[in-house]
Amino acid sequence: MIYYSGTTDGITLERLTGFFVGWPNPPSPEIHLKLLQNSDEIVLAVDDQTKQVVGFITALTDGVLSAYIPHLEVLPTYQKQGIGSELVRLMLEKLKGYYMVDLTCDPQLESFYARFGLKPMSGMGIRNYERQSGH
Ligand SMILES: CC(C)(COP(=O)(O)OP(=O)(O)OC[C@H]1O[C@@H](n2cnc3c(N)ncnc32)[C@H](O)[C@@H]1OP(=O)(O)O)[C@@H](O)C(=O)NCCC(=O)NCCS
């Protein structure tokens, strides 16, 4: 069974492994925990049996109009079971009071996010790859 949590209480570094798949310079579990703690909103998917975090989504907000979703990931062995969808659904519920809720994604994920009412928009960004592992 998977349960969903909005807090990092009780989440140890050992329970935060395996994420940032494919990132050349991935954040450590320490940085991942800091990222979760510093986010305005989070939802974690946790395996009830192992207590491992198997998925997460984060959001940053200005508390008034705007929210941004920087991260969504489900561990590969837990994908295609509806966990990613539930994380998005629960986060959008948390953010439903905001005028703008934005994220960026690869074109092939547009159909996934469209299921929740998100629409394609053009965006701009910069990636400082030498800072990819965080600080
Ligand atoms: C995107 C992601 C979070 C989905 O999690 P999940 O638990 O597998 O999602 P669900 O089981 O709820 O839904 C699966 C759906 O996701 C979509 N999907 C997932 N990854 C996809 C990809 N790379 N390309 C296209 N569609 C994808 C499929 O449409 C699939 O649809 P189906 O149910 O008809 O098979 C997961 O694939 C993941 O962690 N990917 C790597 C990180 C990532 O890309 N994050 C998003 C950043 S914007």
Side-chain angles (χ1 to χ4, degrees):
M1 283 285 287
I2 302 297
Y3 70 89
Y4 296 88
S5 166
T7 171
T8 55
D9 291 354
I11 300 297
T12 57
L13 299 180
E14 298 72 37
R15 294 178 180 172
L16 262 185
T17 55
F19 287 100
F20 304 102
V21 172
W23 288 39
N25 189 16
S28 64
E30 287 89 345
I31 294 290
H32 190 179
L33 184 58
K34 187 174 169 186
L35 173 166
L36 294 170
Q37 290 168 337
N38 288 356
S39 296
D40 293 306
E41 301 285 357
I42 62 167
V43 185
L44 306 177
V46 184
D47 185 317
D48 198 20
Q49 295 214 313
T50 64
K51 306 297 181 207
Q52 285 292 123
V53 177
V54 301
F56 76 103
I57 187 168
T58 63
L60 309 177
T61 79
D62 59 20
V64 185
L65 281 187
S66 325
Y68 174 63
I69 296 176
H71 295 288
L72 166 68
E73 186 173 358
V74 174
L75 292 181
T77 53
Y78 287 84
Q79 290 178 9
K80 302 267 181 195
Q81 300 172 35
I83 297 171
S85 296
E86 188 62 4
L87 288 169
V88 173
R89 193 188 70 75
L90 290 168
M91 182 56 83
L92 291 179
E93 181 66 22
K94 283 175 178 275
L95 301 176
K96 66 183 178 192
Y98 290 96
Y99 166 60
M100 300 161 55
V101 178
D102 295 343
L103 59 81
T104 61
C105 71
D106 292 337
Q108 65 265 28
L109 277 171
E110 286 181 1
S111 60
F112 171 74
Y113 288 115
R115 296 175 186 180
F116 307 96
L118 279 75
K119 295 179 172 52
M121 296 178 182
S122 62
M124 301 282 283
I126 193 166
R127 297 290 181 272
N128 297 315
Y129 285 101
E130 72 280 6
R131 307 309 302 267
Q132 190 179 57
S133 61
H135 59 90

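Indexing begins at 1, ligand by ligand and atom by atom, following the structure's order. Positions are given from 1 along the sequence. Any value given below was found using the heavy atoms of this structure, including those in side chains, with hydrogens, waters and symmetry copies removed.
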At a non-hydrogen distance cut-off of under 4.0 Å, which region of Tyr113 contacts ligand 1 (side chain, backbone, both, or neither)?
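Side chain only; the backbone of Tyr113 stays clear of ligand 1.
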Ligand 1 versus Arg89: contacting region, heavy-atom distance under 4.0 Å
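Neither; nothing of Arg89 gets under 4.0 Å from ligand 1.
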Counting N and O atoms only, with roles assigned by atom type, does the side chain of [X] sit under 3.5 Å from a partner on the main chain of [Y], one being a donor and the other an acceptor?
{"X": "Asp106", "Y": "Leu109", "value": "no"}
{"X": "Glu41", "Y": "Ala59", "value": "no"}
{"X": "Gln52", "Y": "Asp47", "value": "no"}
{"X": "Arg15", "Y": "Gly10", "value": "yes"}

Atom CD of Gln49 with >12 non-hydrogen neighbours under 6.0 angstrom:
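No - once you tally the heavy atoms of other residues, nucleotides and ligands closer than 6.0 Å, there are 12 at most.
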Within 6.0 Å of OH in Tyr3, more than 12 heavy atoms from elsewhere:
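For Tyr3, atom OH is crowded (more than 12 foreign heavy atoms under 6.0 Å).
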Considering only the protein, which heavy-atom contact is closest to [atom], and what is its distance?
{"atom": "atom 12 (O) of ligand 1", "result": "Ser85 OG, 2.5 Å"}
{"atom": "atom 35 (O) of ligand 1", "result": "Lys80 NZ, 3.5 Å"}
{"atom": "atom 39 (O) of ligand 1", "result": "Val74 N, 2.8 Å"}
{"atom": "atom 32 (P) of ligand 1", "result": "Arg115 NH2, 3.6 Å"}
{"atom": "atom 7 (O) of ligand 1", "result": "Gly84 N, 2.8 Å"}
{"atom": "atom 40 (N) of ligand 1", "result": "Gln79 NE2, 3.7 Å"}

Is the closest heavy atom of Glu110 to ligand 1 under 4.0 Å?
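False for this residue.
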With a 4.0 Å cut-off on heavy atoms, is Thr104 touching ligand 1?
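Under 4.0 Å: yes for Thr104.
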Under 4.5 Å between side-chain heavy atoms, hopping through other hydrophobics if needed: is there a path connecting Ile42 to Leu75?
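Yes.
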Ring center gap for Phe20 and His32 short of 6.0 angstrom
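Between His32 and Phe20, which both carry aromatic rings, the centre distance is below 6.0 Å.
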Which atoms of ligand 1 sit under 4.0 Å from any heavy atom of [X]?
{"X": "Gly82", "value": "10 (P), 11 (O), 12 (O)"}
{"X": "Leu72", "value": "3 (C), 42 (C), 43 (C), 45 (N), 46 (C), 47 (C)"}
{"X": "Gln81", "value": "11 (O)"}
{"X": "Gln108", "value": "24 (N), 25 (C), 26 (N)"}
{"X": "Glu73", "value": "39 (O)"}
{"X": "Leu109", "value": "1 (C), 18 (N), 19 (C), 20 (N), 21 (C), 22 (C), 27 (C), 44 (O), 46 (C)"}

Please compare Phe20, Phe112, Trp23 and report which has the shortest non-hydrogen distance to atom 4 (C) of ligand 1.
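Nearest heavy atom to atom 4 (C) of ligand 1 lies in Phe112.
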About how many Å separate CG of Leu72 and CG of Leu103, when rounded to the nearest 0.5 Å?
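It is 8.5 Å, given to the nearest 0.5 Å.
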Ile69 CD1 to Ser39 OG distance, which is reported to the nearest 0.5 Å
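Answer rounded to 0.5 Å: 11.0 Å.
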Less than 4.5 Å apart, side chain to side chain, heavy atoms only: is that true for Ser85 and Phe116?
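In contact.
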State whether any protein heavy atom lies less than 4.0 Å from atom 2 (C) of ligand 1.
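It does not: no protein heavy atom is found less than 4.0 Å away from atom 2 (C) of ligand 1.
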